[in-house]
Amino acid sequence: MAERAVPQENTGINTGIQQSNGPYPEATAESLDLEDLHQQGACVYDLCPGPSSSCMTTKELQQHWGAVKHRLKPVKLLFEIPSARTIAQHLSKYVVYQIVLIRSGSYDSKRVSVERRYSDFVHLHQQLLEDFSEELEEVILPRKLLTGNFNPETIWERRLALRDYLAQLYAVRCVRHSRHFLDFFTEPEQRRAHGLLRAGQFGPAVALLETVLELQEKMGGWQSPVLLVPTLCALTVCQRDLEDPESAFTMGQRALPTVRRYGLKRYRGPLLEMMVDLGYQLGRPVAQLQEELVQVRDAERGLVSFRSLKELVVQEFT
């Protein structure tokens, strides 16, 4: 008879999650990445769908965990700064650096980039030092020169130095999971997109929001889906107002399971209301969505004021 493996006891995990004060939903234990769970000695039976480990032979268990190990291959970010350009305005002159984010561990076909000034790096460094001064003792931001900042050779050297600086920040676990680090790559585009949305310029807003969504996915949205909800909801609103109900419904479908799973109450009612309206336009079955919406509204009655999804999105990043 084949030998049967006995599963190890699943021990508790100290998640050490911090609450977010921004427009993003609060993270929960399930938003931690798998790398962190491995570092804390977590049992990942519940994270890996498949046959029960208690009814598998040793060989089957080895094969199963081989497949699991392949699926849980660590995914990290690589940073490149392939170019920079000098912008001369009436009273100022500065350099902006193109930052490209590449996700390793799997084939990354989407090239997504942002542009940041040196002053943006300075602001990021100051914010991080307030929270992680001990962890960043050996991480040095490249200094600004008194002269020659626009010399091509100086700009080339700084591109390399800033690339290495971002890599050093990412290597510090608490930094790469911090709100400051994420906001450095996404908040300027988020603010511009919401400004365009409030001005009724939904097309340009969609282009920026799609860039933000790709950045968030690369930076851990596939592990922490709550990060994507505000962006998906904003895209839902923009696509609806662009009279593209199909795309709007698709964005809403991506957001709704996460809203349900993580109990994001401020989004659930407004998003369900939008989905019901879009479903009617598209001729989709909406009975279950309507029933869920009624239950949510009944539970909220007297506790909160009802707002549309657009009203909720418009108030973000103001």
Side-chain angles (χ1 to χ4, degrees), residues 22 76-104 107-129 136 139-172 175-176 178-199 201-221 227 230-231 234-235 238 317:
K76 297 182 179 181
L77 279 183
L78 303 177
F79 304 94
E80 293 291 342
I81 304 183
S83 65
R85 59 191 181 98
T86 301
I87 297 178
Q89 296 180 336
H90 180 61
L91 297 176
S92 64
K93 184 178 181 181
Y94 55 90
V95 178
V96 292
Y97 300 89
Q98 182 194 35
I99 308 170
V100 178
L101 282 73
I102 304 169
R103 196 168 69 190
S104 68
Y107 178 67
D108 190 354
S109 61
K110 293 183 179 180
R111 180 184 176 89
V112 58
S113 64
V114 294
E115 286 188 329
R116 296 291 182 264
R117 299 174 57 173
Y118 178 78
S119 58
D120 297 320
F121 285 90
V122 172
H123 183 60
L124 170 65
H125 195 69
Q126 292 172 344
Q127 288 181 316
L128 292 175
L129 285 177
L136 296 178
V139 179
I140 306 299
L141 175 69
R143 297 183 181 277
K144 186 174 184 178
L145 303 177
L146 295 177
T147 59
N149 284 292
F150 304 104
N151 183 287
E153 183 177 349
T154 300
I155 293 174
W156 180 81
E157 291 176 350
R158 176 155 292 171
R159 282 199 297 110
L160 298 180
L162 291 175
R163 179 200 64 186
D164 294 341
Y165 169 73
L166 290 175
Q168 290 175 29
L169 291 180
Y170 185 79
V172 181
V175 170
R176 70 172 175 267
S178 69
R179 178 61 58 194
H180 298 315
F181 194 66
L182 174 65
D183 286 348
F184 173 77
F185 293 97
T186 61
E187 187 174 6
E189 284 70 24
Q190 282 273 39
R191 291 191 177 278
R192 290 204 298 272
H194 280 75
L196 291 168
L197 189 156
R198 286 188 286 272
Q201 300 181 42
F202 302 111
V206 165
L208 276 174
L209 288 168
E210 287 176 343
T211 296
V212 170
L213 186 61
E214 290 183 4
L215 287 166
Q216 290 174 331
E217 288 174 333
K218 286 179 183 289
M219 299 192 69
L227 297 175
T231 308
L235 281 166
C238 288
F317 295 97

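Computed over heavy atoms, backbone and side chain alike; hydrogens, waters and symmetry mates excluded.
- Two residues are said to be in side-chain contact when any heavy atoms from C-beta on lie closer than 4.5 Å; Asn149 and Val95 fail this criterion.
- The only option from Thr211, Asp183, Thr231, Leu215 that meets the side chain to side chain contact (heavy atoms under 4.5 Å, CB included) definition with Gln190 turns out to be Thr231.
- Residues Leu124 and Leu169 have side chains in contact (heavy-atom distance under 4.5 Å, counting atoms from C-beta outward).
- The CG atom of Leu141 sits 10.5 Å away from atom CD of Gln168, with the distance rounded to the nearest 0.5 Å.
- Ring orientation note: the planes of Phe79 and Phe185 are close to parallel, at an angle under 30° on the 30°/60° scale.
- Taken to the nearest 0.5 Å, the CZ atom of Arg111 stands 11.0 Å off from the CG atom of Leu101.
- Contact detail for Ala234 and His194: the closest heavy-atom pair is CB-NE2, 4.1 Å.
- Across every non-hydrogen atom of Phe202 and Leu197, the tightest pair is CE2-O, 3.6 Å.
- The CZ atom of Arg179 lies 5.5 Å from the CG atom of Leu227; values are rounded to the nearest 0.5 Å.
- Taking a cutoff of 4.0 Å between a charged side-chain nitrogen and a carboxylate oxygen, Glu214 and Lys218 do not qualify as a salt bridge.
- Cation-pi geometry between Lys144 and Tyr118 is not satisfied (NZ or CZ under 6.0 Å from the ring centre, within 45° of the ring normal).
- Scanning for side chain to side chain contact (heavy atoms under 4.5 Å, CB included) contacts around Gln127 gives His123, His180, with sequence neighbours left out.
- Separating the CD atom in Gln98 from the CD atom in Glu80 is a distance of 10.5 Å, to the nearest 0.5 Å.
- Under the 4.5 Å side-chain criterion, counting only non-hydrogen atoms from C-beta, Thr86 is not in contact with Tyr94.
- Between Leu128 and Ser178, the shortest heavy-atom distance links the atoms CD2-OG, 3.8 Å.
- In this pair, Phe121 and Tyr97 present their aromatic rings perpendicular. The plane angle is above 60°, beyond the 30 to 60° band.
- Rounded to the nearest 0.5 Å, atoms CG (Leu145) and CD (Glu157) are 8.5 Å apart.
- A cation-pi arrangement is present between Arg176 and Tyr170 under the rule of less than 6.0 angstrom and at most 45 degrees off the ring axis.
- Nearest heavy-atom pair, Ala205 versus Ala193, reported as atom, atom and distance to 0.1 Å: CB-O, 3.6 Å.
- A donor-acceptor pair under 3.5 Å is formed between the side chain of Asp120 and the backbone N or O of Arg117.
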Open item on the list: Between Arg116 and Glu189, is the salt bridge (charged side-chain N to carboxylate O under 4.0 Å, His left out) condition met? List the steps.
Closed with: CA-CA 11 Å; Arg116 296 291 182 264; Glu189 284 70 24; 2.6 Å; yes

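- Distance alone, capped at 3.5 Å, places no donor-acceptor pair between the Arg163 side chain and the Ile81 backbone.
- Taking CD1 of Ile99 as the start and OG of Ser113 as the end, the distance is 9.0 Å to the nearest 0.5 Å.
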